[in-house]
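Below, chains carry the letters A, B, ... as their sequence lines are ordered, and counting in each starts from 1.
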Amino acid sequence: MSNQELSQLFNRIANLMEIKGENRFKILAYQRASDSIKTMTEDLAKLSQEDLLQLPGIGQALAEKIVEFSQTGRLKFLTKLEEEVPPTLIDLLNVPDVGPKKAALFWKSLGITTLEQLEAAAKSGKLRDLPGLGEKSESRILTGLQAQQYNRKRYPIPEAEGIAQDWKERISKQKGVTRLELAGSLRRMRQTIGDLDLVGSADDQAAVMEFFTSQPEVADILSRGDWKSSVRLKSGIQIQLWLQPKEKFGSLLQFVTGSKDHNVRLREFALKRGLSLSERGFVTKDLKEILCAEEELVYTALGLPFIPPEMREDRGEIEAAAKNSLPHVIGISDINSDLHLHSNWSDGKNSLEDIAEAALESGLKLIALTDHTISAPTSDPDDRLAVEQIPARNSSIRKIQTQMAGKLIILNGIEVDILPDGRLDFPDEALAQFDLVIASIHLEMNQPADQITQRLLSAIRNPFIDIIGHPSCRELPNSNGADLDWEVIFNAAGENGTILEINSNPLHLDLDDIRARRAAESGVLLAVNSDAHTLQAMGNLKYGVGTARRAWLTREHVINARKTEELINWLKRRKATARGR
DNA sequence: GCCGTTTTCGGCCCGACTGTTTTCAGTCG
C-alpha cells in the first residue's frame, strides 16, 4: 500500500459519500485526509495505529481504516459504499458544471451512471426537464462533456508562463488598469500548470472584462462578471481574470495565488483570532473592514511573517509561520554555480567558450561541464564521449579554464550512465580524473522497484560519483519516472554524502518538491542544476529554484548555493577519500 | 470524522457566477 493509493482511496470514499449525500463535514474529513496523505513523505503502511493518530487530520476512524487497508488490501467500508453508489458516477464529477448533487439527480431520476449515458441523455433533451435544470444547463453540460478531453491537459511551466505573460501585457495596456499580476499555481511554481489566473485593479472593471472576454483566441466564455471572468482559449487552456479595487488588491492576489488548502487553513487561523478573511479583505467581529492593498498586509494582519507563494500548499507553513520558524528559503540569487551543463563535446549545442561567456554574463561564479558518455541515448551516436576522447576534451577544458581564470571557475566534469545492471559506462580509473562526476539513468526505467533501486544504490555508493542526476528520470507532464524506494535512496545518499539533483529542466523538475523536502530532512545534500543543452536553457535554473523553495530548502541544503570555496573544498575532500580507497 | 490560544461539544472558509428561480441551490476556486 503506497501513500498514493491510500490518498486515492480516501478521495474515492469522499466522492461516493458526496453523491450519496452524506454529512458534508464527514466528507471534508476524508477529503482533507486524502489531500494531506498525498504529500506526506513518511510511508504510512509502516506506521502503527498509535503513530497514525499523531498525524494531522487522522483520527480513530481513519487510523483504523489505514491499518485495515495496509494489512488486508481491502476496506469493508468502501466495499459497502460501492454497493450503495455506482462507482462510475465519480467520472461524472469531472464534467464541468456537474457536481455531486446533479450526479445524484441524474442517477436517481434517469438511471444514469456513466459518461456515455449522460451524453446520450443530454443530446436527446432529457436533462432539461429535471428539477432545477433547463435548456441552458443541458447545453452547458454537453459542451463540458465535449471539452473534457483537452480541458484536463496540464502544461509545462514555461509554456503556461509564456501565454500568461502575453495576456498580462495585453490587459495591462488597457486604459485605467492600475495593477496586473500572475497568480495561481504558476506563481506557486507548481511542476505543471492546469489553468492560468490573472489578478488586477482597474478604474473601469466592466470595460476590462469586456476586453478580456472578446479577444480573438477565446473559444468559450465560461463565466462573465464584474469581479471575475473565465474563458477557454481555442488551444484549450483556461484563463481566469479577477478584479478588485486597488485598496483590496493585496487580498485578491493572496487569495488567487492559493493554494485552496492554504487559503482554507489561513481563513480558519484568522477566524480563531476573530477575523473573517476573504479576497475582499478582513472583517472584524464588530463588522469593521481591514483592507490590504499589498499582499504582505494579509499576513501582517494575522501576526504572521510573509509566506512565499511557493510554500503555500498547507504543508505546515502556517503553523511554522505562527511559531516564527519558517525557514528562509533559497532564492535564485543564492545560486552561484551550475554543476550540470552539456557542450558540443556531446549533445549540447554550444562550444565551451560560449557556455563560459553565458555563465559569466548571468552572474555565475562556477560551472561544471558535464558531457554525456558512450551509453547515453543521444539522437546522434557521435554525441557520446568514449574514454579515448577524454584527453582531447581535457585539453580544451584546460584552455578555457586559463582564458576565464579569475572570472569564472570551470570544473572538468562528466555525466556517466548507470547501466541497466548497475554498472557505470566509464571505469573508476577514468572517473578519477574528473573534478566532478554525475551519474544518471536514461534507459530501462521500467525495471521493478527492487532492481532499479539497487541500480541507483550502486552509483550512490561509488565514491567517484558526486551527484545523481535527475534521480527518477521522469518526463512531465505524464511520466512519473522510475519506481524507486525513496527512503532507501535517501538513506544511502545521506550516508555516502552523495548529492541528489533537483534538475531544473521544466520537463524534469526531478527530484520533485515533496521528495526534495524529504531528502533534505533525511540529511541529504542537494544541487539545483540546469542540465542545459543550449544557452537559453541555462535560464531554467529559476524553475529548479522554484521547486527547491516548494521543498522548503535553505542555502545550507543546496551545495551550489554555498560559497564556491566551500563547494570546491567539499569536492576535494570527496576526491581524496575516493582515491584513498 | 476531526479537533481544541473561547470549546471533549459544537463548530467546521468565503464569495462570484449561473440558471432557474421569485429568493436560492449548485458549482467552482
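Among the protein residues, Lys248(A) comes within range of no part of the nucleic acid, since none of its heavy atoms lies under 4.0 Å from any strand. Here Glu135(A) lies in heavy-atom contact (under 4.0 Å) with sugar-phosphate atoms only. Across all strands, Val98(A) comes closer than 4.0 Å only to sugar-phosphate atoms, never to a base (heavy-atom distances). Residue-level contact check: Arg140(A) touches the backbone only, with heavy atoms under 4.0 Å from sugar-phosphate atoms and none from bases. Heavy atoms of Pro131(A) sit nowhere under 4.0 angstrom from any nucleic acid atom. Counting any heavy atom pair closer than 4.0 Å across all strands shown, Lys228(A) reaches sugar-phosphate atoms only and no base atom. Residue Asn263(A) is out of contact with every strand shown, counting any heavy-atom pair closer than 4.0 Å. Leu133(A) comes within 4.0 angstrom of sugar-phosphate atoms only, judged by non-hydrogen atoms across all strands, and of no base. Among the atoms of the strands shown, none is found under 4.0 Å from any heavy atom of Leu266(A). If you check every strand for non-hydrogen atoms under 4.0 Å, Gln240(A) touches nothing. Within 4.0 Å of Arg265(A), counting heavy atoms only, lies no atom of the nucleic acid at all. At the heavy-atom level, Phe255(A) lies under 4.0 Å from base atoms of the strands shown. Lys136(A) comes within contact range of the sugar-phosphate backbone alone, with a heavy-atom separation under 4.0 Å but no base atom that close.
We find that NZ of Lys20(A) is positioned 10 Å from P of dG1(B), with the value rounded to whole Å. The distance between atom CG of Leu130(A) and atom C1' of dG19(B), rounded to the nearest whole Å, is 14 Å. Here the C1' atom of nucleotide dC28(B) and the CG atom of Asn15(A) are 15 Å apart, to the nearest Å. In this structure, the NZ atom of Lys101(A) is 16 Å from the C1' atom of dT18(B), given to the nearest Å. Rounded to an integer number of Å, the gap from CD of Gln254(A) to P of dC13(B) is 15 Å. A straight line from CD of Glu319(A) to P of dC3(B) spans 12 Å, rounded to a whole angstrom. Distance CD (Glu18(A)) to C1' (dG26(B)): 12 Å, rounded to an integer number of Å. In this structure, CG of Asp129(A) is placed 11 Å from P of dT20(B), rounded to the nearest angstrom.
For residues 271-279 of chain A, proximity to DNA chain B is found at Leu271(A), Lys272(A), Ser276(A), Leu277(A), Ser278(A), Glu279(A), defined as any non-hydrogen atom under 4.0 angstrom from a strand atom.
For Glu135(A), the CD atom counts as loosely surrounded, since its 6.0 Å shell holds 12 or fewer non-hydrogen atoms of other residues, nucleotides or ligands. Within 6.0 Å of CG in Asn480(A) there are 12 or fewer heavy atoms belonging to other residues, nucleotides or ligands. Around CD of Glu84(A), the count of heavy atoms belonging to other residues, nucleotides or ligands within 6.0 Å exceeds 12.
Listed nucleotides: dG26(B), dT6(B), dG1(B). Nearest to the side chain of Lys65(A): dG1(B). In this structure, of dC13(B), dG15(B), dT18(B), it is dG15(B) that holds the atom nearest to the side chain of Arg280(A). Among the nucleotides dA16(B), dC13(B), dG1(B), the one closest to the side chain of Tyr30(A) is dG1(B). For Pro100(A), whose side chain is taken as the heavy atoms from C-beta onward, the closest listed nucleotide among dT27(B), dC2(B), dC13(B) is dT27(B). With distances taken from any side-chain atom of Arg267(A) to the nucleotides dC13(B), dC2(B), dT18(B), the minimum falls on dC13(B). In this structure, of dG19(B), dC14(B), dG1(B), it is dG19(B) that holds the atom nearest to the side chain of Ser137(A). For Ser223(A), the listed nucleotide lying nearest its side chain is dC17(B); candidates were dG26(B), dC17(B), dC13(B).
Position along DNA chain B of the nearest nucleotide to Leu93(A) versus Glu268(A) favours Glu268(A) as the more 5'-ward residue. The nearest heavy atom of DNA chain B to Gly57(A) and to Asp197(A) marks one nucleotide each, and the one closer to the 5' end goes with Gly57(A).
Annotation: side chain of Leu16(A) is in contact with side chain of Leu78(A) (closest heavy-atom distance under 4.5 Å). Counting heavy atoms from C-beta on, the side chains of Gln191(A) and Arg550(A) never come closer than 4.5 Å. Side-chain contact between Cys292(A) and Phe282(A): present, with at least one pair of heavy atoms (C-beta onward) separated by less than 4.5 Å.
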(request) Could you go through the side-chain hydrogen bond (donor to acceptor under 3.5 Å, both in side chains) check for Tyr543(A) and Glu161(A) one step at a time? (result) CA-CA 11 Å; Tyr543(A) 305 124; Glu161(A) 199 174 32; 2.7 Å; yes
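Relative to the ring axis of Phe269(A), Arg273(A) places its NZ or CZ within 45° and under 6.0 Å from the centre. Both tests pass for Arg280(A) against the ring of Trp227(A): distance under 6.0 Å to the centre and angle within 45° of the axis. At least one cation-pi condition fails for Arg224(A) and Phe211(A): the charged atom is not both under 6.0 angstrom from the six-membered ring centre and inside a 45 degree cone around its axis.
Remark: Arg32(A) is in phosphate contact with dC13(B), judged by side-chain N or O atoms under 4.0 Å from OP1 or OP2. Put simply, Arg128(A) has no side-chain N or O that comes within less than 4.0 Å of OP1 or OP2 on dT20(B).
The same atom, P, is picked in dC3(B) and in dT8(B); the two are 16 Å apart, to the nearest Å. Across the P atoms, dT21(B) and dA25(B) are found 13 Å apart, a figure rounded to whole Å.
Summarising the base pairing, dT18(B) is matched to dA25(B) through a Watson-Crick or G-U wobble pair whose two defining distances lie under 3.5 Å.
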